[in-house]
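Reading through the structure tokens given below for one structure.
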Amino acid sequence: FFKFSVNISILIVAVVIFLLVLHRNFLGLSDFLKRELSDSNPLGLQPIDFIPAAPQRLADERNDKEISVVIAASDERLGGAIAAMNSIYRHTRSNVVFHIVTMNDTVDHLRLWLSNTALKNLRYRILDFDPHVLEGKVQVDPQKADTLKPLTFARFYLPNLVPQAEKAIYVDDDIIVQDDILELYNTPLKPGHAAAFSDDCDSTTNKVAVRGAGNQYNYIGFLDYKKETIRKLAMKANTCSFNPGVFVANLTEWKLQNITKQLEKWMALNVAEELYSRTLAGSITTPPLLIVFYKQHSSIDPMWNVRHLGSSAGKRYSPQFVKAAKLLHWNGHFKPWGRTASYAEVWEKWYVPDPTGKFSLIRRHSEAYEAK
């Protein structure tokens with residue numbers, strides 16, 4: 001009887017200890033959630049939503065190192081951002097947190113898409129971008145579509161989007177990833193460099209001539225060298241440009257060099273003096289980046305930005321090369337969710353159908369095709 005009583009006593013003590021530990025962990029998690037959800041950012045970049053942790057089973061399988069990935073998500077291109085995030089998530093065991101920059105009218109649609117599909121375990125924060133930060137810095141030109149799209153400029157404000165991160169990856173919404181994003185995150189940046197881009201003269205991408213605008217792979221295709229302000233910078237016109245649709249940023253260095261303020265300065269100067277090439281070879285976001293990062297940026301592996309897939313409807317790369325690419329980028333007019341795009345079937349493998357039915361893929365043989 002004495003032995004039985006001792007066993008009962010030990011069991012009761014063990015249960016009490018277990019409940020105390022469980023209670024303490026619950027309080028710690030509660031504090032963590034409050035701390036994360038109370039974060040806010042200046043410049044109108046306000047966190048709207050945040051999923052702090054994946055289920056325990058997934059958390060055990062993934063690495064602890066947090067990787068911040070910033071992506072813009074506009075309503076008319078939302079399927080692109082969804083496919084990009086899905087491809088990143090499915091190829092890594094790392095602890096990726098997506099910082100999704102969008103506008104107020106897209107928030108509910110985005111949240112429904114993420115919470116009611118296979119993407120419900122993603123860790124993400126939704127940020128509302130305030131277009132008023134661009135006042136006086138962007139000259140609206142109806143012939144250049146991206147001047148009308150504030151989210152195009154979200155990449156200029158990375159430290160405000162991810163204030164706690166020392167390093168971050170920015171990706172456009174027209175990409176998919178075919179390898180572990182950790183490798184891109186670990187791109188070495190030289191001392192004093194705030195970002196690493198893929199140069200347009202690299203060996204994996206064909207050089208694209210743009211009639212009347214020099215070449216798309218050098219500075220003269222983006223900047224007006226007839227303007228004195230540009231000439232005074234003494235930047236060689238044949239300098240290789242780079243693509244700003246995929247890059248790795250050292251945010252500590254970015255803040256030290258006040259990169260955002262430098263970019264805003266050149267945006268405002270362009271409004272006053274029209275410094276960009278009149279037949280701009282690429283996005284309106286490229287010229288200020290080229291000026292600020294002139295000979296002051298590191299390089300990413302070219303296979304992490306195999307681009308120009310959206311430059312024409314034809315297939316410019318072999319299937320073997322496309323398969324070997326670590327990141328595919330449909331920059332250009334022909335997007336993979338549209339009617340005509342090269343290698344749309346590769347992109348489509350990562351597309352998750354919209355549960356609301358608002359976003360549909362457009363395909364040649366039907367007006368609206370929803371991927372199965």
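The figures here come from the full heavy-atom set of this structure, side chains too, leaving out hydrogens, waters and symmetry mates. Small disclaimer: the values here were computed from a predicted structure and weren't measured.
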Would you mind reporting whether [Y] and [X] have side-chain heavy atoms less than 4.5 Å apart?
X: Val322; Y: Val306; result: no
X: Arg316; Y: Ser342; result: no
X: Asn305; Y: Leu327; result: yes
X: His329; Y: Ile175; result: yes
X: Tyr317; Y: Leu309; result: yes
X: Phe197; Y: Asn243; result: no
X: Pro288; Y: Phe156; result: yes
X: Trp350; Y: His91; result: yes

Spacing of [atom1] belonging to [X] relative to [atom2] belonging to [Y], to within rounding of 0.5 Å:
X: Ile300; Y: Ser198; atom1: CD1; atom2: OG; result: 5.0 Å
X: Leu114; Y: Leu122; atom1: CG; atom2: CG; result: 6.5 Å
X: Leu151; Y: Ile100; atom1: CG; atom2: CD1; result: 12.0 Å
X: Asn250; Y: Thr187; atom1: CG; atom2: OG1; result: 12.0 Å
X: Glu76; Y: Trp337; atom1: CD; atom2: CH2; result: 9.5 Å
X: Leu119; Y: Tyr89; atom1: CG; atom2: OH; result: 9.0 Å

- Message: For a side chain to side chain contact (heavy atoms under 4.5 Å, CB included) check, start with the C-alpha distance between Tyr124 and Ile126, then their side-chain angles and the critical distance, and finish with the verdict.
- Response: CA-CA 7 Å; Tyr124 65 88; Ile126 300 176; 3.8 Å; yes
Taking [X] for its side chain and [Y] for its backbone only, find out whether a donor-acceptor pair lies under 3.5 Å.
X: Ser87; Y: Ala84; result: yes
X: Asn270; Y: Tyr276; result: yes
X: Lys335; Y: Trp330; result: yes
X: Tyr225; Y: Met235; result: yes
X: Asp199; Y: Cys201; result: no
X: Gln178; Y: Leu328; result: no

Identify whether the distance between the nearest side-chain nitrogen and carboxylate oxygen of [X] and [Y] falls below 4.0 Å.
X: Glu273; Y: Lys227; value: no
X: Lys358; Y: Asp75; value: no
X: Asp172; Y: Arg155; value: yes

Under 4.5 Å between side-chain heavy atoms, hopping through other hydrophobics if needed: is there a path connecting [X] to [Y]?
X: Phe321; Y: Val346; answer: yes
X: Leu233; Y: Phe222; answer: yes
X: Val271; Y: Ile291; answer: no

If I compare all heavy atoms of [X] with all of [Y], which pair ends up nearest, and what's the gap?
X: Pro159; Y: Thr260; value: CD-OG1, 4.0 Å
X: Ile176; Y: Ala83; value: CG2-O, 4.4 Å
X: Pro336; Y: Ala344; value: O-CB, 3.8 Å
X: Pro188; Y: Ser298; value: O-CB, 4.1 Å
X: Phe359; Y: Gly80; value: CZ-N, 4.5 Å
X: Asp173; Y: Ile71; value: CA-CD1, 4.0 Å

- Contacts of type salt bridge (charged side-chain N to carboxylate O under 4.0 Å, His left out), residue Glu228, not counting sequence neighbours: Lys232
- Query: Which of these passes salt bridge (Lys or Arg N to Asp or Glu O under 4.0 Å) with Glu66: Lys167, Arg123, Arg125?
  - Reply: Arg123
- Could you point out which residue of Leu289, Ile220, Asp200, Thr286 forms a side chain to side chain contact (heavy atoms under 4.5 Å, CB included) with Ser241? Asp200
- Message: Test side chain to side chain contact (heavy atoms under 4.5 Å, CB included) on Val292 and Lys265; report intermediate values, then the result.
- Response: CA-CA 10 Å; Val292 172; Lys265 167 193 166 183; over 6 Å; no
- Query: Between Asp179 and Met303, does a side chain to side chain contact (heavy atoms under 4.5 Å, CB included) hold up when you go through it step by step?
  - Reply: CA-CA 10 Å; Asp179 209 333; Met303 296 299 280; over 6 Å; no
- Going by distance alone, is a donor N or O of one side chain under 3.5 Å from an acceptor N or O of the other, for Trp113 and Thr356? no
- Item | The single option from Phe247, Trp254, Tyr185 passing ring-ring contact (aromatic ring centres under 6.0 Å, His included) against Tyr170 | Phe247
- Query: For the residue pair Tyr219 and Tyr294, is the inter-centroid distance of their aromatic rings smaller than 6.0 Å?
  - Reply: yes
- Message: With side chain to side chain contact (heavy atoms under 4.5 Å, CB included) as the criterion, how do Trp304 and Val246 come out once you've worked through the C-alpha distance, each side chain's angles and the decisive distance to 0.1 Å?
- Response: CA-CA 8 Å; Trp304 275 103; Val246 178; 5.6 Å; no
